[in-house]
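Here's the structure we're looking at; comments come further down.
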Amino acid sequence: MKALHALAAGFLTSLAACGSQPAPSTDRASGDLLRSAAQFYDAYVRDVREHRREKLSQYYHPNGALIVLGGQRKQFSRASIDSFYRGRSASPAARRRSENRR
């Protein structure tokens with residue numbers, strides 16, 4: 001019986017100690033996470049604007065990505081994403097650039 005009282009007293013002491021310290025807030029992202037995300041997107045935007053297609057596949061997960069095009073969902077490997085970006089661009093800006101080179 002004394003053991004049960006000691007166990008209960010220890011549990012209650014632990015419970016009281018845990019309740020006296022507020023848990024850290026997880027409602028907001030940490031400053032490091034926000035800076036890291038901002039740097040990631042800044043680099044991505046820079047590569048897109050400077051037409052660095054060969055670098056764009058690096059922004060995808062190594063296992064690939066689920067991409068939705070025209071309402072169709074399809075899983076693409078990183079290799080197929082890399083091949084897509086390394087291929088010819090079909091964008092109007094890319095077509096104009098290639099026409100101006102002729």
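Applying the salt bridge (charged side-chain N to carboxylate O under 4.0 Å, His left out) rule to Arg52 yields the partners Asp47, Glu50; only residues at least two apart in sequence or on another chain are considered.
Judged by distance alone, with hydrogens and angles left aside, the side-chain atoms of Arg86 form no donor-acceptor pair with the main-chain N or O of Arg53 at under 3.5 Å. With hydrogens and angles disregarded, a donor-acceptor distance shorter than 3.5 Å links the side chain of Ser83 to the backbone of Ala79.
Screening Val48, Asp82, Ile81 for a side-chain contact (heavy atoms from CB on, under 4.5 Å) with Leu56, the sole residue that qualifies is Val48.
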Distance-only donor-acceptor pairs under 3.5 Å for side chains of residues 31-45, two or more places apart:
unit_1 : atom_1 : unit_2 : atom_2 : d
Asp32  : OD1    : Arg35  : NH2    : 2.4
Arg35  : NH1    : Gly31  : O      : 3.4

Output a table of donor-acceptor pairs, distance under 3.5 Å, between side-chain atoms of residues 60-71 and any protein atom two or more places apart or on a different chain; print 'none' if there are none.
unit_1 : atom_1 : unit_2 : atom_2 : d
Tyr60  : OH     : Tyr85  : OH     : 3.0
His61  : ND1    : Asn63  : N      : 2.9

- Test side-chain contact (heavy atoms from CB on, under 4.5 Å) applied to Lys55 and Arg46, step by step: CA-CA 11 Å; Lys55 290 189 172 191; Arg46 195 169 37 254; over 6 Å; no
